[in-house]
Amino acid sequence: MPRSDESAYLPRKIEVKWRKIWEETGAHITPEQSSRPKYYCLDMFPYPSGSGLHVGHWRGYVLSDVWARYKKLQGFNVLHPMGWDSFGLPAENDAIKKQIHPEICVRRNIDNMKRQLMEIGAMYDWNREINTSSPEYYRWTQWIFIQMYNQGLAYRKEMPVNWCPKDKTVLANEEVIDGRCERCQTKVTKRQLPQWMLRITAYAERLLSDLDKLDWPEKVKLMQRNWIGRSEGATIIFNLISASGETHNLQVFTTRPDTLFGATYVVLAPEHPLVKNITGVGQRKSVEDYVRESLEKSELERTQVTREKTGVFTGAMAVNPVNGSRVPVWVADYVLAHYGSGAIMAVPAHDQRDFEFARKYELPVVEVISSNQAVRDANGYLLQAYEGEGVMINSGCFDGLPSEKGKRKVVEWLKERNLGDFTVTYKLRDWIFSRQRYWGEPIPIVYCEKCGEVPVPEKNLPVLLPRVEKYQPSGTGQSPLATIPEFVNTQCPGCASPAKRETDTMPQWAGSSWYFLRYPNPHLKDAPFDRQTVDKWLPVDCYIGGVEHAILHLLYARFFTKVLYDLGYLSFDEPFARLFNQGMVCKYSEKTGKLEKMSKSKGNVVNPDPLVEQYGTDTVRVYELFIGPPELDSEWSDQGIEGVYRFLHRAWKWVLSAKEHLVSGEKEDQEVKRQIHRLTFRVTERLEGFKFNTAISSFMEFLNFALTAERIKAGFCLETVERFLILLSPFAPHLAEELWEKTNHQSSIFTAKWPDYDRSLLEAETVEIAVQVNGKVRDTLMINKGEKESLVLEKVLALESVKRQIGEKKVVKHVFIPDRIVNLVVK
RNA sequence: GCGAGGGUGGCGGAAUUGGCAGACGCGCUGGACUUAGGAUCCAGUGCCGCAAGGCAUGAGAGUUCAAAUCUCUCCCCUCGCACCA
């Protein structure tokens, strides 16, 4: 144990001390006015959970704080804020579980989490703290909704929607993962309900193409691209002749217009509006039964790829516009109502799904693309659909065209006759924006008998969420707000007649879709943000958070930003210039017997509080980074932290002993200079590359070099110690600040300047090269840097080990790479 | 099924314009100091072997003076998407 307080590293003591000083001096307050260039370093803000932060959450926050402090030392005016995503299901479900009103529960959780965040010692500017469930904030969330409404980007529609029976609310498509609720994994069912929707599909093209200008992980960009799911093809109009002889136009979407001559039947989705109009008397019962059964099935059941396809004939026929042939019209649930036009032309020869269906129901298969790649049986019949390129056959005047060219020609032919056109389709669907829950922003719409749907005037915002006793979800398809007459009954803002409020609330993702615009001007009273201010700070220079938000949050935030840009409120249309996803922290779970992401349900969470108590913040910070590459998942080990604790003790010890034996710059050993410049170079380079784990090991290497009795006796100059401390300060800010003070510095280390390095000092005068014989290392040799080939070769041949290896054999060749290697090829 | 990423000591992980594989840390072994050591310091630590030496980056082939790194074939793991016409 340490003997005296003066010389001992007592992390808790200095951490408490410096946090107090930093607070008193306003060290972390980002000035409004500054001559320095701006840097916006943003964490994905947390929702206030009841279980608090675990070491996995810490990782992202430490990462961003190290980065923010580094940027500050580089001379940037850094904005590094924090807040609370406190509306929505996670917060509300926690409240219901604990039987505490969400408002109180959220307050408590925030208090606890804020205390934990404080323990990280991050340079958050708490004056800018925001909270999405406070009326001062959600007033502006509602305001944005109204702007969208006025643009026709928010609309109400009755439709079958995803319903989570456990959470008793509707979910967005993005919130349904493998047919289950993203939050509670309950199987999602369907319900027909009127819903508020946001027309995100209007931005599909820009959300897709603007990905190209973002410095984001390719993986995330790819996920968004796939989610938006652009595909180019054609809309083709088929004439439908119902069983009773009426005709209807039917649009189908296809990406393979070149296979039009091979369409041997047409399929409508069960939900398709024409189904009931075209069905024949004889088919009525079977079609109605089929449609009903399909609608009862969950999305999960319907989209099982492995499931055998089913369908029924409607009695109607469709006329192929290109050759007039009549083909049967079927209803089948392998066709999705919400994609394309909800109807397809089926080409079994060139689409595997159609092929399987045609086989089952004995529908004809007509090949129209010829290729020797197709898989056939002995008789020449297709064994599976051929989906590749080829030459058009059985296609009238298009015969002989390559399929790629045929795609265009066929559509042009149809277009001339008003029978079709080129079409782009997206998988992306409009965003279901209503939730039948209490804890969210009330949707600011009023229903008047005379005026209909009326947005709440901006001056009347916010529509306050009423305080109620009963906030549990009702399960009726209406939010608990519907049971509160004082809330529901109101006056029409237009004509003052009695009116009723919308009682649905917004989803969890509403507040987080624009919070980054609020931090630069968090206290603004008369607007969500000030254009000049946000234009100055945004886009966010570095956004750090988990990859789990790759689609939901990041897509929504981009959408909101683009809408506000189009409305002229912003002069940038992408919110996050650079994105970094930190890997998850995993730990072995006793419950599952596997290495799992930390979660309460898996019983493998590690609470940072006792670690901070035992080792101090700086140790936990450094260990979080040392554990592995930041972008990869890593395994938490309780033992490993000891090594980092030792490292910080050694750093402490080295600085204090170096301080006792300071020498002038000229008197410092040249090797020391080389090592500290090398450390500067490495730490800078590794920070820039987000290789924080190896940045830390370079400090350890330096200490292994510097912390020996001889080196300390020989002495270090003050500049060397200063360099070391500044380099270390983003990682271990409290320790660095304390040692900065102990080495007689008056002002904070974070007002210092990040050191440069001298390239000419990085390399030594002599280098060790490897000596190989036939590609195997047999010895090493010290040579002067840049020593000539002939000289080196002479030395190599003189080595005993080399002589032994050559023996009776002859050197037939040698390879010389200056300052690295000599390889002798002997035979 | 499609797409992306990844397989390196007992463990976490270093090293890719091809150039000494295993930096750094954990753990382990031995030693010093000690009443004591779960503190600290010193030494050692990929595997086999007394040694010389041999073998080693998921498996197998190839290119090369030289391969964790490049090429091909295959296996395994993780993540994302999954009837999107």
Proximity to the side chain of [X] - top-ranked nucleotide from [options]:
X         : options                : value
Thr255(A) : C20(B), A82(B), A85(B) : A85(B)
Arg778(A) : G19(B), G54(B), C24(B) : G54(B)
Glu768(A) : C20(B), C83(B), C24(B) : C20(B)

Would you indicate what [X] reaches in the nucleic acid, counting non-hydrogen atoms under 4.0 angstrom: base, sugar-phosphate, or nothing?
X         : answer
Arg682(A) : nothing
Gln772(A) : base
Val825(A) : sugar-phosphate
Ser231(A) : sugar-phosphate
Gln352(A) : nothing
Lys219(A) : sugar-phosphate
Val347(A) : nothing
Arg650(A) : sugar-phosphate

Polar pairs (N or O, both sides) under 3.5 Å between protein and nucleotides 11-16 of chain B?
from	atom 1	to	atom 2	distance (Å)
G12(B)	O2'	Ile627(A)	O	2.7
A14(B)	OP1	Asn693(A)	ND2	3.1

**Item:** Contact check, side chains of Ser231(A) and Tyr339(A), non-hydrogen atoms, under 4.5 Å
**Value:** yes

**Asked** Is the phosphate of A85(B), meaning OP1 or OP2, less than 4.0 Å from a side-chain N or O of Tyr334(A)?
**Response** no

**Message:** Under 4.0 Å from OP1 or OP2 of C55(B): is there any side-chain N or O of Lys776(A) that close?
**Reply:** yes

Ignoring hydrogens and angles, write down the donor-acceptor pairs under 3.5 Å from the side chains of residues 252-269 of chain A, residues two or more places apart or on other chains.
from	atom 1	to	atom 2	distance (Å)
Thr254(A)	OG1	Arg256(A)	N	2.8
Arg256(A)	NE	Asp258(A)	OD1	3.1
Arg256(A)	NE	Asp258(A)	OD2	3.2
Arg256(A)	NH1	Glu387(A)	O	3.0
Arg256(A)	NH2	Asp258(A)	OD2	2.9
Arg256(A)	NH2	Gly388(A)	O	3.4
Thr259(A)	OG1	Arg256(A)	O	2.7
Thr264(A)	OG1	Pro364(A)	O	2.8
Tyr265(A)	OH	Tyr334(A)	OH	3.2
Tyr265(A)	OH	Asp354(A)	O	3.1

**Prompt:** With Trp636(A), which residues qualify under ring-ring contact (aromatic ring centres under 6.0 Å, His included), at least two apart?
**Reply:** Tyr623(A)

**Request:** Please identify each residue that fulfils ring-ring contact (aromatic ring centres under 6.0 Å, His included) with Phe422(A), with sequence neighbours left out.
**Result:** none

**Request:** Compute whether any side-chain donor of one residue and acceptor of the other, for Thr310(A) and Tyr361(A), lie under 3.5 angstrom apart.
**Result:** no

Which atom pairs link the protein and nucleotides 26-29 of chain B when you take only N or O atoms and keep those under 3.5 Å?
from	atom 1	to	atom 2	distance (Å)
C26(B)	OP1	Arg646(A)	NH1	2.4

**Message:** Work out how far the P atom of U17(B) is from that of C70(B), and round it to whole angstrom.
**Reply:** 10 Å

**Message:** Taking only the P atom of each, what is the distance from A4(B) to C50(B) in whole angstrom?
**Reply:** 49 Å

**Request:** Nearest-nucleotide wise, let me know which of Leu222(A) and Leu336(A) is further upstream toward the 5' end of RNA chain B.
**Result:** Leu222(A)

**Prompt:** Starting at the 5' end of RNA chain B, which residue's closest nucleotide do you reach first, Tyr426(A) or Asn823(A)?
**Reply:** Asn823(A)

**Asked** Is G6(B) in the syn range, within 90° of 0, or in the anti range?
**Response** anti

Hey, is [X] close enough to [Y] for a salt bridge, meaning N to O under 4.0 Å?
X         : Y         : answer
Lys309(A) : Glu356(A) : yes
Arg711(A) : Glu671(A) : no
Arg682(A) : Glu701(A) : yes

**Item:** Parallel, tilted or perpendicular: ring planes of Tyr645(A) versus His649(A), cut at 30 and 60 degrees
**Value:** perpendicular

**Message:** Using 30° and 60° as the class boundaries, would you call the ring planes of Phe702(A) and Phe705(A) parallel, tilted or perpendicular?
**Reply:** tilted

**Request:** Please check if atom CD in Glu688(A) has more than 12 non-hydrogen atoms from other residues, nucleotides or ligands closer than 6.0 Å.
**Result:** yes

**Prompt:** Quick check: are there more than 12 heavy atoms from other residues, nucleotides or ligands sitting under 6.0 Å from CZ of Arg12(A)?
**Reply:** yes

**Prompt:** Counting a pair only when it is Watson-Crick or G-U and both distances are under 3.5 Å, which runs of at least 3 such pairs involve RNA chain B?
**Reply:** B:1-7 with B:75-81, B:10-12 with B:24-26, B:27-32 with B:40-45, B:46-48 with B:53-55, B:58-62 with B:70-74

